[in-house]
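See structure below.
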Amino acid sequence: MPKSLAYKILESHLVEGDLIPGKEIAIRVDHTLLQDATGTMAMLEFESLDMDHTQAEISVQYVDHNILQTDNKNSDDHKYLQTVCGRYGIHFSPPGNGISHQLHMECFGVPGKILLGADSHTPSAAGVTMLGIGAGGMDVAMAMAGYPYFLPCPRVLGVKLTGRLPDWVSAKDIILEMLRRYGVKGCVGKIVEYYGPGVSGLTATDRETIGNMGAELGATSTLFPSDENTRTYLEAQGRGGSWVEIHADEGAEYDEKDEIDLSTLEPLIACPSSPDNVIPVKDVAGTKVDQVIVGSCVNSSYRDLMVVSHVLNDRHSHPDLSLYINPGSQQVLENVVANNGILAFLRGGARIHQCGCLGCIGMGQAPGTGHVSLRTFPRNFSGRSGTRDDKVYLCSPETAIASAIKGVITDPRDLGAETAYPRIQDPKAYLINRASIIYPSDTLREKRIIRGPNIKPLPRMEALPDVLDAKVGIKVGDNISTDTIMPAGSKILPLRSDIEAISRYVFGSINPGFYQKAEAKEDMVVIGGENYGQGSSREHAALAPRYLGVRVKIAKSFARIHKANLCNFGILPLIFKDASDYELFREGSNVIFPSIREHVERGDTEIPVEVDGKKIMTILNVSERQRQFILAGSALNYIKAGLSKE
Ligand code: MIC
Ligand code: SF4
């Protein structure tokens, strides 16, 4: 049977299981990616697995999130990361060198390989046909220790692209169109595979844009065929030798199919406060804008910045707004400098920032009260910018710069005939400077690991008791993101290596006193709606609530990465058998889980629950391995018990 590209790559990495959608499979991981916000915890977890060296072909630790040094914490963590990487043979990319996803494509990405990253935007690797999958830090730590990665076998959505993008419409508009069609949970459990004649019009960095925001669809990953454009990109990166041609078989079968005629697309925009709140730019044109930011791990490539520079040309941005440029990597910046892109930014009043996540994760660049912020970023969940009740819109670099010039949201096609659409060619050979990356060496392995006061030991986690008698700590609605469960931003992100301290902020934006419930020393239950835990891969959204006493979450459905993180930290992810039972729960309800340990041990999928004396049924849909994690209290407890038996 002709195969999809997704199944070809999965098959060549299959260690356990069969490629049957929904059934658990285990795959070999070639590369691992960590960034600093998830990486400190992941490295502590890796250390506790007692390995001598990373087992992956290439493991890289990037520092891109916590790059504000407002006190000792982030610098302490960076020193720890640099020295621990040296000890275990892991590449280290220092702060300022760029964002993990952009850098991994530039420096390491190889078509046909699998990259497991502790960041939900790891599918950006689609730009070079690498199967990039986002996961929790514990799963990446295990991959570094040589364990395969376990996941439910995805379904494949084949999207045929035809036609060519019109002027002023770019890759961001394609993924916004997908978000308009499918919403933030429409691709949970799927790999989105693009194919067809329209693919050849998309460069590697265009594909990176589409792969990146596939995470917003809830997709497990995104793929494009590896073709001449992939070769051109890798050659321009001085890595032509890594190129291999791979694509789906002729007439490949897909579980679902869709088609986009690129020539019919128009500039689109995601309105506050969800990436799927997508409408045509023209429908909100004229809205006053206060801030425009170009950058983040999506739309921060050479092409994206050069488009902005060319459109700006000799004009100044509108005096009533601030324009920021956050380049994706030092390489992007060097190439934009070498091709005279920077002068237009400076003359146009843009504030050029260091290469990193910055305002995308609330590390500075927060908009003012009631201000409208237009960003080329992947996410606009409420409050993520660092400002309460923020109004963040997501759009292409073309729409961003047109709006920055006019001072109001502007369809870039309305810039007028005097502004020609700049069709930017990527350099035939990028200026390459990889000197900032610290490559593994024997000398580094002998050096001492430096642990500053911000590096705290991992908390202990108890095994699942026989019976759980708990209280509902909080009840939330649909599409609650991990940003809501465990907020980020400049105050909280530096606490990622200190669980006790960070746990004070759990649900902080919607229920600031939540952490005080832990003082009652009672077990807690969280009640959620559909797609609970979407967005960021941060395992702290499981670990910190667990630290506070959350042992069970009952929801209508869970997002993939969060569900895996819950199991890794011994929290039961239960689903309502009858969704209307959601109504029976209120904050403070008494919830009893009779013989819970016995049910989990026996492999039961139906778990009885008593809420305020009323009996209902819930579903536990986890793998055998995940049951063991839950019983042991955490994945780490389970694995360490196994190691000590060996
Ligand atoms: C995000 O975009 O939400 C982050 C910050 O990159 C996260 C990781 C984190 O919370 O550290 C992600 O996407 O996984
Ligand atoms: Fe960084 Fe934002 Fe990308 Fe997350 S989405 S990796 S915070 S730039």
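Sequence positions, counted from 1, serve as the residue numbers for this chain. First listed ligand is number 1; within each ligand, the first listed atom is number 1.
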Can you pull out every salt bridge (charged side-chain N to carboxylate O under 4.0 Å, His left out) where at least one residue sits in residues 499-509? Sequence neighbours excluded, please. Glu500-Arg504

Answer whether the closest heavy-atom distance between the side chains of Asp77 and Ile455 falls below 4.5 Å. yes

Determine, using heavy atoms of Arg375 and all atoms of ligand 2, whether some pair is separated by less than 4.0 Å. no

The protein N, O or S atoms lying under 2.8 Å from atom 1 (Fe) of ligand 2 are Cys357 SG

Hey, do the aromatic rings of Phe108 and His91 have their centres closer than 6.0 Å? yes

Glu530 and Asn479: side chain donor to acceptor below 3.5 Å: no

So that I can tick it off, tell me whether Asp478 and Lys185 are bridged by a salt bridge, with the cut-off set at under 4.0 angstrom between side-chain N and carboxylate O. no

I'd like to know if Glu216 pairs up with Arg180 as an ion pair, taking the criterion as any Lys NZ or Arg NE/NH1/NH2 lying under 4.0 Å from an Asp or Glu carboxylate oxygen. no

Excluding sequence neighbours, so at least two apart, what forms ring-ring contact (aromatic ring centres under 6.0 Å, His included) with Phe92? none

Evaluate the ring planes of Tyr233 and Tyr430, with Trp represented by its six-membered ring, and classify them as parallel (under 30°), tilted (30 to 60°) or perpendicular (over 60°). perpendicular

What does the 4.0 Å heavy-atom contact list look like for ligand 1? Gln35, Ala37, Thr38, His65, Asp119, Ser120, His121, Ile361, Arg379, Arg384, Arg496, Ser536, Ser537, Arg538

Any side-chain heavy atom of Glu193 sitting closer than 4.5 Å to one from Thr222? no

Does NZ or CZ of Arg375 lie under 6.0 Å from the centre of the six-membered ring of Tyr393, at an angle within 45° of the ring axis? no

